[in-house]
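Here the structure comes first, spelled out in structure tokens, and everything after it is commentary.
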4 protein chains.
Amino acid sequence: MPRRHDTKQRLIQAAVHVARTRGYAHTTTRAVAEQAGVSEATIYRHFPDKFSLIHAAASDTAAQVSAVTQELPPRAGSSTVRANLLDVMGHMASVRADMAPLELAIATDPELSQARSQAIERGLPDGPPRHLAEYLAAEQSLGRVTATVDPVTTALVIMTQVFGSALGTGPSLEDSLDVLLTGLEPRT
Amino acid sequence: MPRRHDTKQRLIQAAVHVARTRGYAHTTTRAVAEQAGVSEATIYRHFPDKFSLIHAAASDTAAQVSAVTQELPPRAGSSTVRANLLDVMGHMASVRADMAPLELAIATDPELSQARSQAIERGLPDGPPRHLAEYLAAEQSLGRVTATVDPVTTALVIMTQVFGSALGTGPSLEDSLDVLLTGLEPRT
Amino acid sequence: MPRRHDTKQRLIQAAVHVARTRGYAHTTTRAVAEQAGVSEATIYRHFPDKFSLIHAAASDTAAQVSAVTQELPPRAGSSTVRANLLDVMGHMASVRADMAPLELAIATDPELSQARSQAIERGLPDGPPRHLAEYLAAEQSLGRVTATVDPVTTALVIMTQVFGSALGTGPSLEDSLDVLLTGLEPRT
Amino acid sequence: MPRRHDTKQRLIQAAVHVARTRGYAHTTTRAVAEQAGVSEATIYRHFPDKFSLIHAAASDTAAQVSAVTQELPPRAGSSTVRANLLDVMGHMASVRADMAPLELAIATDPELSQARSQAIERGLPDGPPRHLAEYLAAEQSLGRVTATVDPVTTALVIMTQVFGSALGTGPSLEDSLDVLLTGLEPRT
DNA sequence: AATGAATGAGGATTCATTCAT
DNA sequence: AATGAATGAATCCTCATTCAT
């Protein structure tokens, strides 16, 4: 009977790990408890129910992503736009791959989705897209990004590409970034 | 209660409907059978197991998407690139929203994912990206699309945006297309 | 895998049996299924949840009691009042002993109690007390029971004594009936 | 958070309160501890196990009932028999309503019942019926109660009516007492 | 082709209890 | 004296699947 005091964090990480490696459908209380090295009942000492654990795990990973993107806006003007974006996208993709099963399960399940919407309205940070948008706007001021594209929309486009890459269904980050930078319309 | 012999199709559509409206986690044999108006046991008259039904449902929807994109390549040169792409993307998104829960559940679950890979290797069509790439290449020949972007990569980028839109996490199709067309690099 | 068609009744009787012999707290789905010789899951083919089974069991036993008391009113005037009452009370007590744990658990649990109240308002028979009251009124007309006591109240008093006897906390039925017949006030 | 050392009493009262308001099935260690404002573990500082707490709670309430009935025998001859009995029955019923869930759970559960029998044989007071019987015998000597009824049996009959009233299944105390006083046999 | 009855395996959750602090 | 953390066993219930009809 080990008596740790970081059990809550271990449960969250166990949930992320199981979801990533085995999929959300296999993310049972049993599997998570086993992965964390505790009994199932212990989950309920730290979370009121399974979904609270899942939400905590998703939020935790979201916070990690946000920590990465936060550092982007100050880098406007330095290095190249391509390098800056590629760097952040790479970090995001690796973290997001962890989160994907949880996030998708939530996005896909109306019941869970509703709970998340409430959480978001209570002030959960939608940081990463905002950070990206801020960075892009700054680069626009510097003339290093086309002035006519909307920074907020562009941020969402990039996030979506990262998401696709994390899922394994999209092109590589580098390839997708090249397309985004060049644009489809011929330059006359 | 003798039913028609189109029960198989009704089961497939019931699976799609339940998955779309209630999420994959709630897509149980019970729910599907109820939605189809048959007994659970009837499912096993038409499919060897539940996953075969799920795969059939996903394939069915995938075929619909493919039917839409198939008509794209011949349209090269007509109307505008923007209009052609937006039209197809809109059709794809609406169909894909149906499929999203199933597709994501499959993509996310290693066990199912493996089964799908085998199915794909057996010849399931990955048509839509190919159709898009063919269309883009044709437009490049006509000088209506930048010659330097890779058509295959670009097709995947577009598919990813459609996917994000269907999920509700990305920008609107129109907005994302604008960004893609313009490109981020300033035109000197 | 036996394929009976009276499983529902067997489950009801199993529930009554377990409750009587082991108490309501031990009337688990497992215990009932075991007693009925089926699997736990089978319970849920016949009842939406455990409480529906418990209610069915209680109602079933209540119906048996009612069947006994129903025959009482026509017997007014025959035999003696003492013999008639004692006979019916004896039958009721034996059936009620079966029901006691269920009925008490229901009466005692606010949650279950509420469900029962609704059931009663929907028209469940409160037969036995009414049958007793009818019988007593008939005997009053015949002059074989004191005219001044209220038949309805008296019926409830008798039911309560039967209940106490079934529980094992009251006096024997014969003794309690003697007290009721004689009355405490001295006859001048 | 140092608490007073009357924690034991607070636990007993918490158990009674939870049992009365929510039923025995909901009288869990968690609920009792919460009601008492202590942790679950504290219960085991004061009682070897949950059943000891339950028995203590039942005994505690039983003692209160006994305290009420104890004062009855000396009142023989004063006021009226009806007033004396009604007064005591009223007090008993109010206390017993608290106890009912616990007492019934014990009476109904063979396992607990056995433990109680042992406790009773170890000298737990069965006072109230005896007090009532003594009072009735005294009134018989005074000619205020029919001489032919057995005081002990009558005491049990009265206790049973009180019990029914406390449970809410019997008639009002006043009504039942009227029936008992008058008796069913016509007075010639 | 269809189904009602049945089930083994597993789901989330709660229980009374223990123990180190 | 008190408690927060932990748990094994048991709770009710659901799932995908089988089989006789």
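Below, read A as the first sequence line, B as the second, and so on, with proteins coming before strands; counting in each chain starts at 1. Small disclaimer: the values here were computed from a predicted structure and weren't measured.
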Item checked: Nucleotide paired to dT21(E) in any strand shown, Watson-Crick or G-U, under 3.5 Å -> dA2(F)
Notebook entry, point to check: Of Thr28(C) and Thr28(B), whose nearest nucleotide on DNA chain F comes first from the 5' end?
Noted result: Thr28(C)
Next item on the list: Applying side chain to side chain contact (heavy atoms under 4.5 Å, CB included), run through Thr21(A) and His26(A) and close with a yes or a no.
Entry: CA-CA 9 Å; Thr21(A) 53; His26(A) 300 297; over 6 Å; no
Next item on the list: Could you grab the distance from atom NE2 of His17(A) to atom CZ of Arg10(A), nearest 0.5 Å is fine?
Entry: 13.0 Å
Next item on the list: Report the nucleotide, chosen from dT3(F), dC12(F), dT14(E), that has the shortest atom-to-atom distance to any side-chain atom of Lys50(C).
Entry: dC12(F)
Checklist line | Closest nucleotide among dC12(F), dA16(F), dT17(E) to the Glu40(C) side chain | finding: dC12(F)
Check: Distance check: side-chain N/O of Tyr44(C) vs OP1/OP2 of dT14(F), anything under 4.0 Å?
Finding: no
Checklist line | Nearest-Å distance for atom pair CD/P, residues Gln9(D) and dA1(F) | finding: 16 Å
Next item on the list: From the options dG10(E), dT7(E), dT17(E), select the nucleotide whose nearest atom is closest to the side chain of Arg30(A).
Entry: dG10(E)
Check: Asp49(A) side chain to Ser52(A) main-chain N or O, any donor-acceptor pair under 3.5 Å?
Finding: yes
Check: Where the side chain of His46(C) is concerned, which of dA6(E), dT13(E), dC15(E) is the nearest nucleotide?
Finding: dA6(E)
Margin query: Which nucleotide wins on minimum distance to the side chain of Ala41(C), given the candidates dA16(F), dG8(E), dC13(F)?
Written below: dG8(E)
Check: Considering the options Lys50(B), Glu34(B), Glu40(B), which one meets the side chain to side chain donor-acceptor pair (under 3.5 Å) requirement together with Thr29(B)?
Finding: Glu40(B)
Note to self: On DNA chain E, does the nearest nucleotide to Arg45(A) precede the nearest nucleotide to Ser39(C) from the 5' side, or the other way round? Give the residue.
What the structure shows: Ser39(C)
Note to self: In this structure, how many angstroms lie between the P atom of dA5(E) and the CG atom of Leu11(C), rounded?
What the structure shows: 12 Å
Checklist line | Atom pair distance, as rounded to whole Å: CD in Glu34(B) and P in dG4(E) | finding: 13 Å
Check: Between Asp49(D) and Ile43(C), which has a closest nucleotide on DNA chain E that is more 5'?
Finding: Ile43(C)
Checklist line | d(CG, Leu53(B); P, dC15(F)) in whole Å | finding: 15 Å
Next item on the list: Please check the phosphate of dA2(F) (OP1 and OP2 only) for any side-chain N or O of Thr42(D) closer than 4.0 Å.
Entry: no
Notebook entry, point to check: Phe47(B) has an atom CZ; how far is it from atom P of dT18(F), in whole Å?
Noted result: 15 Å
Check: On DNA chain F, nearest-nucleotide positions of Asp6(A) versus Thr27(C): which is more 5'?
Finding: Asp6(A)
Margin query: At less than 4.0 Å, is any side-chain N or O atom of Thr29(B) found next to OP1 or OP2 of dT17(F)? Yes or no.
Written below: no
Next item on the list: Determine, step by step, whether Ile12(B) and Thr61(B) satisfy the side chain to side chain contact (heavy atoms under 4.5 Å, CB included) criterion, reporting the C-alpha distance in whole Å, the side-chain angles of both residues, the deciding distance to 0.1 Å, and the verdict.
Entry: CA-CA 10 Å; Ile12(B) 288 177; Thr61(B) 320; over 6 Å; no
